[in-house]
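What you see is a predicted model, and the numbers here were worked out from it, not measured in a lab. In what follows, every chain begins at residue 1, and chains take the letters A, B, ... in the order their sequences are listed.
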2 protein chains.
Amino acid sequence: MADASKRPTIVTVAGLAGVSISSASRVLNGHSARPDTISRVRTAAAQVGYVPHMAAQNLKSRRTGQIAFAVENIANPTYVAMVQAIEDVLGPNGYRLVLHSTKADAGSEVEILRDLRRRYVDGLVISPIRVTEAHLREFAQTSAPVVVIGTLPEPANVGTVSVNSAHGVSLAVRHLVEQGCRRIAFLNGPVDSVPGTARLRGYHNGLTAHAPDATGALVQTAADFSVDSGTAAMGQLLARETPDAVICANDLLAIGAMQAVRAHSLSVPDHIAIVGVDDTYLAELVHPALTSVSLHARKRGRLAAELLLERIADPTLPVRSITVEPDLLIRASSRPVSRG
Amino acid sequence: MADASKRPTIVTVAGLAGVSISSASRVLNGHSARPDTISRVRTAAAQVGYVPHMAAQNLKSRRTGQIAFAVENIANPTYVAMVQAIEDVLGPNGYRLVLHSTKADAGSEVEILRDLRRRYVDGLVISPIRVTEAHLREFAQTSAPVVVIGTLPEPANVGTVSVNSAHGVSLAVRHLVEQGCRRIAFLNGPVDSVPGTARLRGYHNGLTAHAPDATGALVQTAADFSVDSGTAAMGQLLARETPDAVICANDLLAIGAMQAVRAHSLSVPDHIAIVGVDDTYLAELVHPALTSVSLHARKRGRLAAELLLERIADPTLPVRSITVEPDLLIRASSRPVSRG
DNA sequence: AAACGTTCGGGAAACGTTTCCAGAACCTTG
DNA sequence: CAAGGTTCTGGAAACGTTTCCCGAACGTTT
């Protein structure tokens with residue numbers, strides 16, 4: 001309480017140690033100095049409990065030690081996985097994570113990009129669900145390094161970490177064909193989203209490549225990528241078709257679909273096999289465990305963070321793009337069953 | 001690209017507008033000025049795309065517009081709910097969220113508390129899973145407002161938002177007794193954690209209050225609050241007891257327990273009713289849907305954020321403590337079944 | 001038209017650091 | 001011991017704002 005009066009600054013320390021401010025600063029930053037000076041400054045600092053003021057350091061050093069991650073909806077386990085991976089890279093490198101929720105609103109994403117100019121953060125990782133013209137404009141003149149997790153319609157001045165999700169879905173098609181499925185439906189999210197279009201393409205590719213003799217495309221679109229939308233959309237699909245397998249554009253939709261199947265007194269996988277995409281931890285939680293296409297969210301998060309730090313360390317470096325290959329994780333929801 | 005040379009500062013703007021720096025600053029902050037001056041500064045600012053530099057503002061204003069949330073493990077849906085709620089309060093108030101992962105390490109929590117002195121945030125919300133002496137020491141001399149989500153062993157100079165989780169568990173006991181259960185077990189998390197002890201107490205209270213004629217306490221402790229630990233612990237419990245109901249200290253443990261029950265070829269709720277705690281969104285995802293004690297995570301997050309902002313706005317305010325009452329949400333995992 | 005009150009604008013200090021520069025102190029070497 | 005080179009130090013500028021203070025300009029009132 002004696003020191004409640006005033007926060008000690010480096011001036012306090014320098015005065016107490018009987019040295020100049022510059023010497024105090026040097027010692028505190030570990031630069032070379034006479035042993036005598038070092039110990040005087042150190043004890044003075046300890047005595048008053050000196051802690052440098054971040055804002056002042058930021059102003060001087062022109063860096064903040066913070067990076068931002070802008071994400072559509074932190075409730076989606078895919079993004080949680082990315083957050084974890086990003087934090088794991090950031091922490092050891094002395095960076096803090098600022099989290100932004102965009103609620104899938106392109107406007108607020110652009111807002112965040114624009115806000116980078118205030119330099120409250122040294123860089124940004126963003127995973128936009130749709131990429132608009134406005135995004136591309138801001139990417140072009142961004143004032144801090146940006147890494148996009150996702151796919152861009154055209155090259156831009158940002159690093160990207162993308163995944164061949166189309167191929168992932170086609171892996172799922174092949175797997176289901178091998179299980180003997182002949183009426184393989186696709187339960188998509190919004191088609192105007194980047195993941196939506198890619199995954200749909202993968203479905204079509206997969207069908208032509210692996211199931212030339214199967215029933216044609218059976219596509220149902222959900223309102224968004226949530227569980228409830230999955231249930232609703234699966235209900236609609238079942239009202240008009242009788243698929244023996246459904247590939248869902250993500251795990252949440254798949255879980256919703258499983259609930260709808262159950263509500264129709266059908267069984268997974270006996271009547272209908274279900275496959276999700278993203279391989280979130282939910283896939284192992286539900287029963288039957290969900291076969292899912294892993295898009296390696298953690299790995300993408302890690303790579304994005306690494307790409308960003310690399311670029312922050314040397315902004316003259318050219319932007320890099322990395323692509324990750326998907327994998328199919330087969331679980332009970334699509335296991336071999338007696339059929340036909 | 002013409003402006004690639006140099007970031008415009010307020011000096012640039014003032015020069016271009018032909019006014020002093022102070023006038024430029026005043027206009028840009030919406031203070032009074034002659035219409036003429038206002039428009040000159042505004043157009044100059046727009047022309048060069050001036051954006052104020054946060055670090056400089058922070059240094060001058062002694063605030064950052066950031067608050068931190070320190071959380072054990074962002075993968076736990078309870079914390080995700082809190083993050084969402086906190087963000088919902090912060091955003092409209094112009095604050096950003098800095099997320100810290102502590103990995104349930106008391107040391108790193110204390111580290112974060114200590115780091116508050118660097119004033120990189122204006123306040124902190126923390127949800128410690130254990131509260132050590134070191135925590136209390138740091139709370140006592142914290143240099144920025146802190147709100148704890150959880151219960152403290154003794155009053156401290158921090159706001160708190162707690163929940164009567166013991167009562168919540170005893171609600172669950174009563175409910176199960178009403179369902180006709182007589183051998184009600186409790187699957188706890190680590191007993192040295194704050195939630196662990198409180199919930200165990202609720203279990204014992206509930207038994208004596210609502211089930212005087214039931215079998216005595218059947219307690220099994222899990223290594224942590226995760227799904228896998230739940231499966232393992234439930235396996236151990238089933239190896240030595242035959243409960244007809246199990247209350248789990250959180251939803252993750254409950255989901256793990258359900259998997260173990262299934263692995264033993266038993267059915268939920270026919271053979272064993274299961275109840276979780278936290279009422280995360282997972283409760284509605286699994287099958288059968290999980291009965292769970294809601295501890296109102298979102299509400300607690302919101303309240304914590306509000307308490308914090310209140311205290312930041314006026315630090316002379318005395319700290320407040322709020323307690324939230326739990327509710328039981330009955331779902332299929334504990335529905336009435338034919339029994340004895 | 002003088003006296004007063006109000007609004008407005010500019011200079012300069014301040015926020016707390018880091019770093020450049022030049023001079024002082026030290027050590028080495030011939 | 002002088003000359004040379006290192007190492008160390010203190011002064012001062014700089015980072016980009018906001019704000020205090022005071023004088024200038026303006027408008028009102030007698």
Return the 5'-most residue of the pair Thr37(B), Ile10(A) with respect to DNA chain C, ranking by each residue's nearest nucleotide. Thr37(B)
Val27(B) side chain reached by Val19(B) side chain, heavy atoms, under 4.5 Å: no
Roughly how far, to the nearest 0.5 Å, is CG of Leu308(B) from CZ of Arg320(B)? 12.0 Å
Can you list, by residue number, the residues of residues 53-61 of chain A that have a non-hydrogen atom closer than 4.0 angstrom to DNA chain D? Leu59(A), Lys60(A)
Heavy-atom nearest nucleotide on DNA chain C for Val19(B) versus Arg34(A): which residue maps closer to 5'? Val19(B)
Kindly indicate whether the side chain of Phe69(A), heavy atoms from C-beta on, has any atom under 4.5 Å from the side chain of Leu99(B). no
Stem segments of DNA chain D by first residue number [Watson-Crick or G-U, under 3.5 Å, at least 3]: C:1-26 with D:5-30, C:28-30 with D:1-3
Student check: side-chain heavy atoms of Asp88(A) and Arg298(A) closer than 4.5 Å: yes
With the side chain counted from C-beta on, respond yes when Val80(B) and Pro77(A) share a heavy-atom pair under 4.5 Å apart, and no when they do not. no
Across the strands shown, which category fits Val27(A) at heavy-atom distances under 4.0 angstrom: base, sugar-phosphate, nothing? nothing
Would you call Asp192(B) and Arg130(B) a side-chain contact if the rule is heavy atoms closer than 4.5 Å? yes
Once you round it to whole Å, what is the distance between C1' of dT19(C) and NE2 of His31(A)? 9 Å
With a non-hydrogen cut-off below 4.0 angstrom, is Val41(B) in contact with a base, only sugar-phosphate, or nothing? nothing
Hey, which of Ile86(A), Val161(A), Val125(A) is the one that makes side-chain contact (heavy atoms from CB on, under 4.5 Å) with Arg300(A)? Val161(A)
Between the CD1 atom in Ile149(A) and the CD1 atom in Ile126(A), the distance rounded to the nearest 0.5 Å is 10.0 Å
Checking all strands, does Ser22(A) fall into the base, sugar-phosphate, or nothing category for heavy-atom contacts under 4.0 angstrom? base
Which part of the nucleic acid, if any, lies within reach of Arg26(B) when heavy atoms closer than 4.0 Å are counted: base, sugar-phosphate only, or nothing? base
Considering only heavy atoms of chain A and a distance under 4.0 Å, specify the first and last nucleotide of DNA chain D in 5' to 3' order that meet this criterion. dC8(D) to dG16(D)
For the pair Val71(A) and Met82(A), evaluate side-chain contact (heavy atoms from CB on, under 4.5 Å) and give the outcome as yes or no after the intermediate values. CA-CA 10 Å; Val71(A) 80; Met82(A) 289 180 182; 5.9 Å; no
With side chains defined as the heavy atoms from C-beta onward, is the minimum distance between Arg96(B) and Gln66(B) less than 4.5 Å? yes
Between CG of Asn157(A) and OG1 of Thr142(A), what distance do you get to the nearest 0.5 Å? 7.5 Å
